[in-house]
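Encoded as structure tokens, the structure appears first; notes follow it.
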Amino acid sequence: MRILQCLLLISLLTISEGCMNLRVVSQYDSADLQPHQVTEWVYFWGLMQPNDSRTDELCESMCIVSAKTNFGYLLIGALSLGMAVPMQVVYECCPYEPPASDI
């Protein structure tokens, strides 16, 4: 019974939303109703960086960028001794503002 409780606790912590969150905001006005999410992996203690993540083709600039992690990501990083660490990046696009000459 004790093992079942431990497994239940570990599974709940693994699927929890987020442990740490870093948010950078340039403008609070965002055009997106739903933020875009990208999960990237860093390998070999950061020596092998991931490829650049491309934004949505309609996104000309980003207003809000957040880097999130959860217990499951931290557990993967700890079990692999830092050789594979996932990270979730969430971004929101700024609204399109046409140049004054186009209006």
Ala84 backbone acceptor or donor facing Ser80 side chain under 3.5 Å:
yes

Check this for me: Ile3, atom CD1, are more than 12 non-hydrogen atoms of other residues, nucleotides or ligands nearer than 6.0 Å?
no

Rounded to the nearest 0.5 Å, the OG1 atom of Thr39 sits from the CD atom of Gln37 at a distance of 7.0 Å

Looking only at the SG atoms, are Cys93 and Cys63 under 2.5 Å from each other?
no

Quick one: do Val85 and Ile76 satisfy side chain to side chain contact (heavy atoms under 4.5 Å, CB included)? Show the steps, please.
CA-CA 7 Å; Val85 179; Ile76 291 171; over 6 Å; no

Start with the C-alpha gap between Val65 and Val90, add the side-chain angles, then the distance that decides, and say whether side chain to side chain contact (heavy atoms under 4.5 Å, CB included) holds.
CA-CA 6 Å; Val65 178; Val90 179; over 6 Å; no

Single-linkage hydrophobic cluster Val42~Met83, side-chain heavy atoms < 4.5 angstrom
no

Pairwise distance CE(Met87) to OH(Tyr73) - rounded to 0.5 angstrom:
10.5 Å

Counting C-beta onward and ignoring hydrogens, is there a side-chain heavy-atom pair between Gln88 and Thr69 closer than 4.5 Å?
no

Please report the interatomic distance CD(Glu92) to OG(Ser66), rounded to the nearest 0.5 Å.
7.5 Å

When rounded to the nearest 0.5 angstrom, what is the spacing between OH in Tyr91 and CE in Met62?
7.5 Å

